[in-house]
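Read through the structure below, which is laid out as structure tokens, and then see the notes.
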There are 2 protein chains.
Amino acid sequence: MDKNPLVLLELVERLGNLMRQEARRVGADEQLSPVHVEALVYLANANRYSNTPQALGEYLGLTKGTISQSLLLLDRRGLIERYQDDIDRRVVRLRLSATGEQFLYDAQPQLAWIHATRDISPNRIRNAVSALRETLTTFQIDNDGSPFGKCPGCKHFERLSARAYRCGLMGDRLSGPDTRKICWLYEVKGGASDDDEL
Amino acid sequence: MDKNPLVLLELVERLGNLMRQEARRVGADEQLSPVHVEALVYLANANRYSNTPQALGEYLGLTKGTISQSLLLLDRRGLIERYQDDIDRRVVRLRLSATGEQFLYDAQPQLAWIHATRDISPNRIRNAVSALRETLTTFQIDNDGSPFGKCPGCKHFERLSARAYRCGLMGDRLSGPDTRKICWLYEVKGGASDDDEL
DNA sequence: GCAATATGGTATCGAATCGATACTGAATCG
DNA sequence: CGATTCAGTATCGATTCGATACCATATTGC
């Protein structure tokens, strides 16, 4: 009784393992390891504040040294491009190259998952997302680390007008698509929680 | 719109990564890698049909060679015991040693998760479990592989009387505790799906 | 029975991940 | 402008992991 949280953990771990296996499979042709594939997927969805080795490392739970090597490899393979930040010249910015985007387009690392969830109603998915997101947030508060999230639901998100947005933390204006990318500066809004973009 | 399955995937992967990190942390004292910890947790919950290298390999998504080495290490450390099956002498059976159980008891690899889910109502957890379980099952049907599950909800599960159970596939009688362990022969019951033990 | 084949597990090898440590260059703070 | 912090890289060694080959036991076909 009350073991249900553990059942949930078991499922998350198992599905995680399976997706890891899946990543290994889709990367096999290009000799890419699961981490490399995950990194590419991350970069495809990271916003302008989060396309750095550091953010990626935190996202994947790896140390910066390890990340550095993986990026080196992805760079050599021409799957990503690295360039210096204009303002802080210590930081390296990352973006997918055309080849990298093509790879993701061809490999479709998430296809198996899409299929596997085809019978789950949007509503149930929303509920599961909400529960897991809250778990993630609590976990991150307990430890340190960023929860990673998207603008809607973030403390710093400001809506200027119907289609104009702004990040209160960085002070930048944001486009619509900007607000749908992953950001590591994400912090949960204090008030009413739950639900995200629909 | 309709990207929600991907959001769910992202959460599962991220939580999976975090728990992996957590496993690395708790295993660090004993020089155990995440896989080793996961293997111990699995063995602590596997039923009599599922305590073999093969089942473990399928559960973790690793090849039998890899598993064999991990088990070798766990054996050398005295965390598990290996013994031959009486009937089929090719198969090796595994069980936690007293040391192994003590390790799990001390390390509490699931504690961080328990904490992280403390604010999620049992109901929401149940819903999330149900959605993820269905995802897992569909995934396993698409590919091959066992979904791993527990007796309630399994096609082969038979209730003989109030407290007597039986596995229709193996033909064995099962005790109450038996029915709450992980089994790799699990198959979803055809009819009404959803919900499990409460 | 007995060869042929299948199956569970192990041994060996090489590639690659990963963390630890030390290091470089840039920013910030006094 | 020196001291410290910080982002990232380089190097190293331990370990994981898959691939392949192998061994012992089961099973099947004849």
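Per chain, numbering begins at 1; letters A, B, ... match sequence-line order.
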Review point. To the nearest Å, how far apart are A:Q84 CD and D:dA7 P?
Key: 15 Å

Check your understanding: Can you tell me how far P of D:dG8 sits from CG of A:D85, to the nearest Å?
Key -> 9 Å

Check your understanding: To the nearest 0.5 Å, how far apart are CG in B:L56 and OG in B:S70?
Key -> 8.0 Å

Check your understanding: So what does B:S70 hit on the nucleic acid, given a heavy-atom distance under 4.0 Å: a base, only sugar-phosphate, or nothing?
Key -> nothing

Point to revise | Atom-to-atom span, CD of A:Q54 to P of D:dT5 - whole angstrom | key: 16 Å

Check your understanding: In whole Å, what is the span from the NE2 atom of B:H36 to the P atom of D:dA14?
Key -> 16 Å

Check your understanding: Atom CG of B:L8 and atom OG1 of B:T135: how far apart are they, to the nearest 0.5 Å?
Key -> 6.5 Å

Exercise for review: Using whole Å, report how far CZ of B:R90 lies from P of D:dT25.
Suggested key: 10 Å

Review point. For the pair made of CG in B:L62 and C1' in D:dG18, what is the distance, rounded to whole Å?
Key: 10 Å

Review point. Is the distance from OP1 or OP2 of D:dC17 to the nearest side-chain N or O of B:T66 less than 4.0 Å?
Key: no

Exercise for review: Test A:R20 against B:E13 for salt bridge (Lys or Arg N to Asp or Glu O under 4.0 Å), laying out the working first.
Suggested key: CA-CA 8 Å; A:R20 189 183 185 74; B:E13 286 188 333; over 6 Å; no

Review point. What does B:S33 touch in the nucleic acid at a heavy-atom separation under 4.0 angstrom: a base, only the sugar-phosphate, or nothing?
Key: sugar-phosphate

Check your understanding: Which class fits the ring pair A:Y59 and A:F148: parallel under 30°, tilted 30 to 60°, perpendicular over 60°?
Key -> perpendicular

Study note, to complete from the structure: Comparing nearest nucleotides in DNA chain D, the 5'-proximal residue of the pair B:G65, B:L73 is B:L73

Check your understanding: So what does A:L56 hit on the nucleic acid, given a heavy-atom distance under 4.0 Å: a base, only sugar-phosphate, or nothing?
Key -> nothing

Check your understanding: Applying the side chain to side chain contact (heavy atoms under 4.5 Å, CB included) test to A:I80, which of A:L96, A:L73, A:T99 qualifies?
Key -> A:L96

Check your understanding: So where does chain A start and stop touching DNA chain C, 5' to 3', when the test is distance under 4.0 Å to a non-hydrogen atom?
Key -> C:dT17 to C:dA27

Review point. Nearest 0.5 Å, what's the CZ-CG distance between A:R48 and A:D85?
Key: 12.0 Å

Check your understanding: B:E81 and B:R93: salt bridge (Lys or Arg N to Asp or Glu O under 4.0 Å), yes or no, with the steps?
Key -> CA-CA 8 Å; B:E81 289 163 8; B:R93 302 256 158 218; over 6 Å; no

Practice item. Assign each of A:Q31 and A:D86 to its nearest nucleotide of DNA chain C by heavy atoms, then name whichever residue's nucleotide is nearer the 5' end. Key: A:Q31

Study note, to complete from the structure: CG of A:D172 to CG of A:D178, rounded to nearest 0.5 Å, is 9.0 Å

**Study point:** Length of the CZ-C1' vector between A:R93 and D:dG8, whole Å
**Key:** 13 Å

Review point. Of the nucleotides D:dT9, D:dA7, D:dG18, which one has an atom closest to the side chain of B:Q69?
Key: D:dG18

Check your understanding: So which heavy atom on B:S97 is nearest to which on B:G78, and how close?
Key -> OG-O, 2.5 Å

Practice item. Give one of base, sugar-phosphate or nothing for A:L71, where a contact means two heavy atoms less than 4.0 Å apart. Key: nothing

**Study point:** Rounded interatomic separation in angstrom, taking CG from A:D88 and P from D:dC6
**Key:** 12 Å

Exercise for review: Tell me, please, whether A:F157 has A:R166 positioned over its six-membered ring: NZ or CZ under 6.0 Å from the ring centre and within 45 degrees of its axis?
Suggested key: no

Check your understanding: Checking all strands, does A:I67 fall into the base, sugar-phosphate, or nothing category for heavy-atom contacts under 4.0 angstrom?
Key -> nothing

Point to revise | End axis versus end axis in the helix from C:dG1-D:dC30 to C:dG30-D:dC1, the angle rounded to 10°, five pairs used at each terminus | key: 30°

Study note, to complete from the structure: Closest to the 5' end of DNA chain D, once A:R24 and A:S68 are matched to their nearest nucleotides, is A:S68

